[in-house]
Amino acid sequence: MNLSVDIGGFRIKNPVMTASGTFGYGKEYDSYTDLTRLGAVVVKGLSLKPRAGNPTPRTCETPCGMLNAIGLQNVGVDAFIADKMPYLRSVGVPVIANIFGELVDDYKEVARRLDGVEGVSAIEINISCPNVKKGGMQFGIDPKEAFKVVSEVRKATGLPIMTKLSPNVTDVQIMARSVEDAGSDSISLINTITGMAIDVDKRTPRIATVMGGLSGPAIKPVALRMVYEVAKVATVPVIGIGGIMTGSDALEFIIAGATAVQVGTANFVDPDSAVKVAGGIEAYMKDNNVGDIEELIGSIKV
Amino acid sequence: MSKTSVIYNKSLTDNLYIMGLDWSDAGREGQAIVPGQFVMLKITESYDPLLRRPFGIYAVVNTTAESPFGERTILEIIYKVVGKGTTKMSLFNAGEKLDIMAPIGNGFPDVAEDRELIMVAGGIGIAPFKLLAAKYPDSVLLFGAKDSSEVELVDEIKDLGIRVKVATQDGSRGEKGLVTDLIPGSLNRQSVIFACGPIGMLKAVSKLSSENRVPHFVSLERAMACGVGACLGCAVKTLSHGQEREKQGKVAFDDLLMVCSDGPVFDGELIDWKLL
């Protein structure tokens, strides 16, 4: 039975990865799960310089989900390479380095520094970031800005490029086409959906930045719809993210057209989630006599 | 992360409870619990509430075969009913199955022989002090609450024989005022303070401790998601701990620590209180 998939330039042994921001740099979970059973680990987003992130509270739970406004706190790309990669290399799990910046040049430079780092299998570009040059408007809501970022990163590295789309757009298919044209080897979606919660006793927002990103089971129907839409227009592999808690959830995305999935918020509930999702997919394939996962990708009957 | 079940769920007052969780599985007995550590508890398999919640470890009880619970090791937590999840918890009967990650975090440091421990607790912040009272019989507990409804919590610890002083804001038990009013009268040159309670209390304790040059350690609380130091939700800013981190061989690129994995207990001198 084959569970391995090609996600645009490289093959992973099963279609389940952990989502950026939910799995730290891997080591945080090493006593709770077996990283070697994952298809890949997508690490916390990396910027050129270390970032402290937002004031707290940074998280709050909402029905069947949570809001986060961590603020992209990270050790910076240099410290990641020097201090976090050795452990990941020792484990041997493929590492996808998620990167972001406030300027196109930042993205470029981070990508350049990751190029050739042993153990880094691919780069995931987070375009859901404020573009300082365009008054803080996110790269990920403007197809032309997104195109710029991806094409510059394309020039800066030989690594496979996965571009992560924001759901906070009018037409995700336009964004998908743009980032594919710019040179993405795969497209991952969705990032978090902008949301809010208010403490009625204090009459203040429950997170310090007022708004944050919604994730968890609550967003699955929206994520699934967008993955289905993007899979219809993309020619590169599509990676599904959004509220995946079980193998069955993952299969919905795969049947909709995703070649692989990322498990995120589920890790907070059960650190072994991603491994269990992979196990769930395998069990389904056994029960349904599916010999190769390729048979399931995009197999939705509409 | 492992399965546990409710052994008992006793109410102390209408919204304060003690829950005993089965801690008897092989592999757990060997785990020594440091006072100040906590658990991340998932109370339902449903998605609402979704995330685990942190609860301080209150006590570890070993029962014999003759007890109503049989021969067991029981981990106790105390909780206040404040919302959806804790309301659900208050309705659990013995046998309810839960999922637990424990023990988590770094507890209070050991108190040197020549030091005298003053424990400062605000309301439900009394949680780590039962274990500490058992460990340090010469310590003193200063307990503060709004009114007498939470003072039930102190009675369990009084029974351990340590000195206890109480302050209530409405004067219904002990002295009228704040728990911090009780500190100056208990201080001496050997004092070390451990504090746990509302953020306003911790700030006041820290200010008083610094002014009197008393070493002090505080247990902080922040909204958490993962509980293991991965999501970065529970960050606290410290002052120049960069050197500390370098000494420990960690990357000292910034001065942010996580309450779940670096704490919840911190040296009060290191915390940037302005931001909390």
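Chain identifiers are assigned alphabetically (A, B, ...) following the order of the sequence lines, protein sequences preceding nucleic acid strands; residue numbering begins at 1 within each chain.
- The existence of a salt bridge linking B:Lys97 and B:Glu45 is excluded, since no basic side-chain nitrogen approaches an acidic carboxylate oxygen closer than 4.0 Å.
- Contact annotation for A:Asn54: neither backbone nor side-chain heavy atoms come within less than 4.5 Å of a heavy atom of chain B.
- Under the 4.0 Å criterion applied to side-chain N and carboxylate O atoms, B:Asp48 and B:Lys84 are assigned as salt-bridge partners.
- Of the atoms belonging to A:Tyr29, it is side-chain heavy atoms, and not backbone ones, that fall under 4.5 Å from chain B.
- Centroid-to-centroid, the aromatic rings of B:Phe194 and B:Phe108 come within less than 6.0 Å.
- Remark: B:Ile124 engages B:Leu16, B:Ile78, B:Lys80 in a side-chain contact (heavy atoms from CB on, under 4.5 Å) (not counting sequence neighbours).
- Contacts between A:Lys27 and chain B at a heavy-atom distance below 4.5 Å are absent for every atom of the residue.
- Options B:Gly227, B:Ala235, B:Cys234 differ in how many heavy-atom pairs under 4.5 Å they form with chain A, and the most are formed by B:Ala235.
- Heavy atoms of B:Met40 lying under 4.5 Å from chain A are absent altogether.
- For A:Pro55, no part lies under 4.5 angstrom from a heavy atom of chain B.
- In terms of heavy-atom pairs under 4.5 angstrom with chain B, the leader among A:Gly71, A:Gly24, A:Cys64 is A:Cys64.
- B:Glu221 CD: 12 or fewer foreign heavy atoms inside a 6.0 Å radius.
- Partners of B:Asp170 according to the side-chain hydrogen bond (donor to acceptor under 3.5 Å, both in side chains) rule, which considers only residues two or more places apart in sequence or in another chain, are B:Ser172.
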